[in-house]
Amino acid sequence: MYEWVKAGHVIAVIAWMAGMLYLPRLFVYHSVTAPGTEQSETFKIMERRLLKGIINPAMIATFVFGLWMIHMGAVDWSQGWPWLKAAFVIGLTACHGILVRHTKNFAADANTKPQRYFRIINEVPTVLMIGIVIAVIVRPF
Ligand code: HEM
């Protein structure tokens, strides 16, 4: 049973990360598109569907499967790596919240951030994901 829950966790993580990497990339292009144009409206639909259809459900599934494994006694909290992972996961969840806010801003044609900002924020989930995988697989401490 435990291995099935872990498989579900990794599948959900892949879907969550795919969306977390793609959504800010859409913002990079959307931020240089004039509001009211057909292209801008298409970006809005893509962003909303990606967030509601993939990113939000995948995040919930990641938490459900992950917390389920913790409930099954998977984690020895006397070691350092679960705390390192938890810190990065909190960072990724905060980043998720920031992307939700930007999706709402774009939907209201109220984005004020420049393209450069989205290029930078585009890299944040990648860095956090690398940290999480090293924490959970290498377990450096
Ligand atoms: C959302 C909160 C999360 C919780 C509560 C959680 C919890 C867990 C737990 C308890 C395990 C089993 C650890 C073990 O092998 O003994 C696990 C495995 C794993 N987690 Fe998470 N996790 C979360 C988010 C993430 C995220 C965001 C990623 C990647 C970006 C991730 C990647 C992994 C991977 C790759 C494994 C498999 C490690 C192995 O082969 O043993 N997790 N997670």
Side-chain angles (χ1 to χ4, degrees), residues 1-35 37-141:
M1 181 64 180
Y2 176 77
E3 302 302 333
W4 283 102
V5 177
K6 185 145 86 173
H9 181 63
V10 173
I11 292 164
V13 159
I14 290 170
W16 189 18
M17 285 311 305
M20 291 292 286
L21 299 178
Y22 188 41
L23 186 57
R25 180 105 312 256
L26 288 175
F27 294 159
V28 167
Y29 301 124
H30 197 166
S31 62
V32 290
T33 307
T37 58
E38 197 182 326
Q39 205 176 16
S40 171
E41 295 304 310
T42 304
F43 277 130
K44 285 186 194 178
I45 295 167
M46 292 169 78
E47 288 155 4
R48 192 184 66 238
R49 290 199 179 150
L50 184 61
L51 186 67
K52 300 245 153 112
I54 308 253
I55 305 181
N56 285 346
M59 181 193 70
I60 292 165
T62 302
F63 269 91
V64 168
F65 286 124
L67 294 173
W68 194 352
M69 284 188 287
I70 291 174
H71 183 69
M72 287 166 135
V75 177
D76 175 3
W77 292 97
S78 68
Q79 292 186 295
W81 69 266
W83 299 99
L84 182 65
K85 176 174 174 176
F88 285 133
V89 169
I90 289 168
L92 195 63
T93 307
C95 189
H96 183 123
I98 290 168
L99 296 186
V100 169
R101 204 183 65 218
H102 288 305
T103 304
K104 286 181 180 161
N105 286 347
F106 275 114
D109 290 328
N111 173 56
T112 54
K113 301 284 184 199
Q115 188 181 45
R116 203 179 124 69
Y117 168 87
F118 292 111
R119 284 192 190 281
I120 293 166
I121 210 152
N122 198 195
E123 305 304 329
V124 175
T126 310
V127 173
L128 292 170
M129 178 269 290
I130 291 169
I132 292 169
V133 171
I134 290 173
V136 83
I137 304 276
V138 181
R139 302 185 178 185
F141 57 90

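All ligand and atom numbering here is 1-based and tracks the order in the structure.
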Could you check whether W68 and H9, counting side-chain N and O atoms only, form a donor-acceptor pair closer than 3.5 Å? no
In the protein, which heavy atom is nearest to atom 40 (O) of ligand 1, and how far is it? K6 NZ, 3.8 Å
Got a salt bridge between K44 and E47, using NZ or NE/NH1/NH2 to carboxylate O under 4.0 Å? no
Which residue and heavy atom of the protein sit nearest atom 11 (C) of ligand 1, plus the separation: M69 CE, 3.4 Å
Give the residue and atom name of whichever protein heavy atom lies nearest to atom 15 (O) of ligand 1, and the separation in Å to one decimal. R139 NH2, 3.2 Å
Atom 35 (C) of ligand 1: nearest protein contact (heavy atom, Å): V136 CG1, 4.0 Å
Can W16 be said to touch ligand 1, with heavy atoms closer than 4.0 Å? yes
Taking CD1 in I54 as the centre, count heavy atoms belonging to other residues, nucleotides or ligands within less than 6.0 Å. Is the count above 12? no
Please find the pair of heavy atoms, one from N122 and one from L21, that lie closest to each other, and give the distance. ND2-O, 3.2 Å
Numbered atoms of ligand 1 (with element) below 4.0 Å of V75, judged on heavy atoms: 10 (C)
In terms of atom number and element, which parts of ligand 1 are under 4.0 angstrom from non-hydrogen atoms of L92? 27 (C)
Atom CZ of R25 with >12 non-hydrogen neighbours under 6.0 angstrom: yes
Quick check on contacts: which atoms of ligand 1 are under 4.0 angstrom from a heavy atom of F63? 1 (C), 2 (C)
Distance under 6.0 Å and angle within 45° of ring axis: K113 vs Y117: yes
H71 near ligand 1 by a heavy-atom separation under 4.0 Å: no
Report the nearest protein non-hydrogen atom to atom 2 (C) of ligand 1: residue, atom name, distance rounded to 0.1 Å. V89 CG1, 3.6 Å
Any N or O of H9 that comes nearer than 3.5 Å to an N or O of ligand 1? yes
Report the nearest protein non-hydrogen atom to atom 5 (C) of ligand 1: residue, atom name, distance rounded to 0.1 Å. G66 C, 3.5 Å
Is the distance between atom 21 (Fe) of ligand 1 and the nearest N/O/S atom of K85 smaller than 2.8 Å? yes
May I ask you to list the atoms of ligand 1 that are less than 4.0 angstrom from any heavy atom of L67? 5 (C)
Within a 6.0 Å radius of atom CH2 on W77, are there more than 12 heavy atoms belonging to other residues, nucleotides or ligands? yes
Using a cut-off of 6.0 Å, state whether more than 12 heavy atoms not belonging to Q39 lie near its atom CD. no
Residue of the set Y29, F106, F43 for which ring-ring contact (aromatic ring centres under 6.0 Å, His included) holds with F118: F106
dist T103:OG1 -> H30:NE2 (nearest 0.5 Å) comes out at 10.0 Å
Atom 30 (C) of ligand 1 sits nearest the protein heavy atom V13 CG1, 3.6 Å
Within a distance under 4.0 Å of any heavy atom of A74, pick out the atoms of ligand 1 and give their elements. 16 (O)
Would you mind listing which atoms of ligand 1 come within a distance below 4.0 Å of any non-hydrogen atom of Y2? 12 (C), 13 (C), 14 (C), 15 (O), 16 (O)
How about N111 and F27: do any of their side-chain heavy atoms sit closer than 4.5 Å? no
